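Worksheet: the structure to be examined is printed underneath.
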Amino acid sequence: MTPLRCFRFFRAMLPLGLVAFTFAGPVAVARASDDAAPPLGTDDAAHLLRRAGFGGSPEQVAYVASLSRREAVDLLVDYDAIPFAGEPYPHNPEDIRVLEDKLANATDLEDQRRYAKVLRRVNEVHLSGIRRWWFRRMVATPRPLEERMTLFWHGHFVSAHPKVGWMPLYWQNRTLREHAVANFRDLAKAVSRDPAMILYLDMASNVVGHANENFARELLELFLLGPGHYTEDDVQEISRVFTGYRLDDDRHFVFDPKLHDDGEKTIFGKTANFDGDALIDLIFEQPACAVYLARALYEEFVLPDAPDDRVQWLASEIRRLDFDVKETLRVLLSSDDFFADEARFSRVRSPIELIVGVVRMLEVAEANSTGLYTLACDMGQDVFHAPTVAGWDGDRAWITSQTLALRYNFARHILGDQDPEVARNRQLSGRLTRGREQFSMMADVMTTPSLSEVRHNALLTRPWDPSPILERYSLRSADAIVEHFVDRLLQQPLAEGRLDPVMDIFAGATSFDPESADLKGRVRDLVALLLSMPESQIM
Amino acid sequence: MNDHRVTTRREFLGRGLTLLSTGLTVPAFLNRSAWALANPSDAPLIAPPTGRDDRILVVIQLVGGNDGLNTVIPHENDNYYKRRGIYAIPRDTVLPLSGSDVALHPALVGVRRLYDDGLASIIQGAGYPNPDHSHFVSGRVWETAAPSLTMPTGWLGRWFDANDAPVESALAVDRKTPLLFKGERFRGGSVDGSPEDAWCGSDDPEVQEAFRRLNSLGAGGHELVEDDSAASYVTRIAMDSRVTTAKVSEALEKPAASIDTSAFGKNATKFAFRLSTVTKLIAAGMPTRVYFVPVGDFDTHADQLPKHQHLLQVYADGVEAFVRSLERLKLLDRVTILTFSEFGRRIAVNSSGGTDHGEALPMFLFGSSLNRGVHGSHPDLDDPDLDNLHYTVDFRRIYASILRDWLDTDPSAIMSSRYGAPLDLFRKAGSDAK
């Protein structure tokens, strides 16, 4: 079955109301696969879906498990073959322009204040809008690797609010998605001309005679080579190369030769009148470039602490593939490194991996995307607002005493059966509103979510209903239910006796009828507990 | 006291309370939180000794790299005005510091008041040889006290390791614990100002009990703490945070913690709010020895003048309110406050009206036991070929003074000694006050 037919098949199978967010085919299809290419198996399939996607439901895992390693990786990597409408963020640039013109032309002070206030409010609404839009996309996409890579580049080529407005950030998001698995060299060049980047790293202030080194330094230190592989002179000369890069009145990229330093520059020992693209090509010739990308990808997909020899191996593959990211991912995701025992469950789930993963794995139909975004923010992953140009620290840094408490508690918001007022008085609301009431958001510019209010409505419009799952799998006993949800949510073997505390939940169950309110409540308690174990926080 | 060493986990779990009387050394494989949770009545044994040893250090980081040149200003040096041009702080607005040839940025009026009352010291030109200009690398140098970048642990982390300290001994009032606190074993905790309540996954006490069991040593949980896997890491944090959370909540609920926070302002900045939280915790008798409070973002690559002014104001107002509150509560004698940043900034201003990453910078100390005044010498501004301010004192000499004179520790146990002698930043006992 081609990916396209799989997608259509599954869509047809879905009960009404569920978002078509998967690409898997029918349950447990026995495929006539090539004898030389054995089926992947459940554990490997679940691992691949976790790392290259946002995790898989039992059906998806079963389908991928029946494919060979090669077919499974191709399914995820060749995501262009899977159609996905993925609407653009709905907005009318004209509206903003009209307001900005009005503000620019207003002579009366009162008018100025009024337009400024409206413009500010409109921009806040849209910033929130693009965040929600991206979360909806991540939850709904049948091409999860596409969103994963967009998020990866988002944390690599950082540009952030409030220095950059929402519109250039939205354009940048589209550019990153377009180049998500394209050639890394092309992506780097696109980034050098990206309006959000130009704003974020002060590139327009970098003009002939007056260098601003911000972009040049981060290009070398954070984007392409890593510390220690260039000199301060290289930084200064590279800033000269990018002089003249700026934005026009519509905030689109424009190159202004009058502001460009047109002389010869000496970089990495080579002298020439490099332009931006030629300079990027020169950086790519440095041995450290492939190594830097290799380490970043290896640590993202395989192990947080990549061994040097394996990084060197991947770097040589990257050079062989001339920095084609799609083919590099194909190699990396098919490798024995990727499927090795030590790679499994070696990383802490990022807030987005946790939230989006759980929403997808519980087959939640409509989650309040504002709520999802708020939670990710509180857990430390505020999209479009990375704390520094170095992005997010990631892995174990996601876990602190506060974030762990939030992470353990977020499941209850997904399950949605709590009275919002009751929830309000509890930890999440209480802690945050007490804290936030006591300081003014405008006062200092530390790296925290720039929310003006914290909303703790249940994330769902109605409580999560486990009955479709209970029925589909005919789960009629405590053992069956626990085993199913452990497989669904934790996907890992547990020590003897580890689940004893959980078994008692069903001790007083009056009925195992899937529609029984008592049973549904117990299943929700079970899910809340499973998602409050250390094993649920890793992948 | 006998020093009974436990050799196996089975032995330890088997003997339980009987080991107390023999002066147990907590085994390395079992962190102290796990023990605290399993043996709550042993808690007093784990608390650090009180008395002269309950001195507290509050470390404030100006995150992003502070422009020291416009902070502690060489206002008598014409080269300052020449080289900074319109970005220099006007001569008639700076706040001269008595007994020195430098002045403070006008936004630091709160600091000047503390200085005049003998509660502040400034150390000029702090830095290290062959400085790095990256936030990440230079930050590491300051936090590990190792310019060679060979130490994976923070200088205070090493101090806590040596003292086998419980997790709540260091608290970051931030989302995460800094490298500063990380030892081989020690990690420290983080709080962001309000108490954490219990797990809100369920009202049902049986389900609550199941949660506790799933996150503690029993029920196969003990397998999880012993190695370096991701699962073990999460489990250790879960246990540590239950201990820290419990202690912070307990402290903040004590009557002693209901202090008057009006000094911090009605619409307090986040920084001031964090310092007010620290004040409450100290007043309530938290056994924490080191607090970490970041403030930022000082990375002023563009449009520096208004941004820097605002940041310095936030900093000074917060610190002044903090010191005065401690003074009123008669707690100031136990507290020293250190301020550092990961680097200073360039002498020249760039084309966006900001400054790029630089080198040496001034450090601040606040407390009632200091050798007050301005220490060290201002970095050279006269050499026209110099782009950066070169350090005149290795920052490790300041750390060494804190370790030796405030924390009663031999600095060579924590840092290599090739940086010079510790500065004399604290008054010796019996010497004259102000």
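A quick note: this is a predicted structure, and the numbers were derived from the prediction, not measured. Below, chains carry the letters A, B, ... as their sequence lines are ordered, and counting in each starts from 1.
In this structure, B:Thr235 OG1 and A:Ile538 CD1 are separated by 8.0 Å, a value rounded to the nearest 0.5 Å. To the nearest 0.5 Å, the span separating NE2 on B:His301 from CZ on A:Phe215 amounts to 14.0 Å. Atom CD of A:Glu221 sits about 11.0 Å away from atom NE2 of B:His133, to the nearest 0.5 Å. Here CD of A:Gln236 is found 6.5 Å from CG of B:Asp387. Values are rounded to the nearest 0.5 Å.
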Test A:Asp504 against B:Arg213 for side-chain contact (heavy atoms from CB on, under 4.5 Å), laying out the working first. CA-CA 12 Å; A:Asp504 296 339; B:Arg213 287 171 62 199; 4.1 Å; yes

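Listed for the A:Arg498 side chain is a donor-acceptor partner under 3.5 Å among the backbone atoms of B:Leu214. Side-chain N or O atoms of A:Ser205 include none that pairs as donor or acceptor with a backbone N or O of B:Ser351 at under 3.5 Å. Between the B:Asn350 side chain and the A:Glu213 main chain, no donor and acceptor come within less than 3.5 Å of each other.
Side-chain contact, B:Ser352 with A:Asp202: no donor N or O sits under 3.5 Å from an acceptor N or O.
Applying the 6.0 Å contact sphere to NE2 of A:His210 captures no more than 12 heavy atoms from other residues, nucleotides or ligands. The 12-atom threshold is exceeded at CD of A:Glu232, counting heavy atoms of other residues, nucleotides or ligands nearer than 6.0 Å.
Both the backbone and the side chain of A:Ser532 come within contact range of chain B, judged by heavy atoms closer than 4.5 Å. Only the side chain of A:Asp393 comes within contact range of chain B, judged by heavy atoms closer than 4.5 Å. Both the backbone and the side chain of A:Arg396 come within contact range of chain B, with heavy atoms under 4.5 Å apart. Using a 4.5 Å cut-off between heavy atoms, A:Leu404 contacts chain B through its side chain alone, with no backbone atom that close. A:Ala211 touches chain B through its backbone: at least one of N, CA, C or O sits under 4.5 Å from a heavy atom, while the side chain does not.
When the candidates B:Gly189, B:Gly64, B:Ser134, B:Ala302 are compared by the number of heavy-atom contacts under 4.5 Å with chain A, B:Ser134 comes out ahead.
Every salt bridge (Lys or Arg N to Asp or Glu O under 4.0 Å) that A:Glu299 has, sequence neighbours left out, goes to A:Arg295. Shown here are the side chain to side chain donor-acceptor pair (under 3.5 Å) partners of B:Tyr315, two or more places apart in sequence or in another chain: B:Thr339.
When all heavy atoms of B:Ala210 and A:Leu529 are compared, the closest pair comes out as CB-CD1, 3.7 Å. Minimum interatomic distance between A:Phe345 and B:Ala230 (heavy atoms only, all atoms of both residues): O-CB, 3.8 Å.
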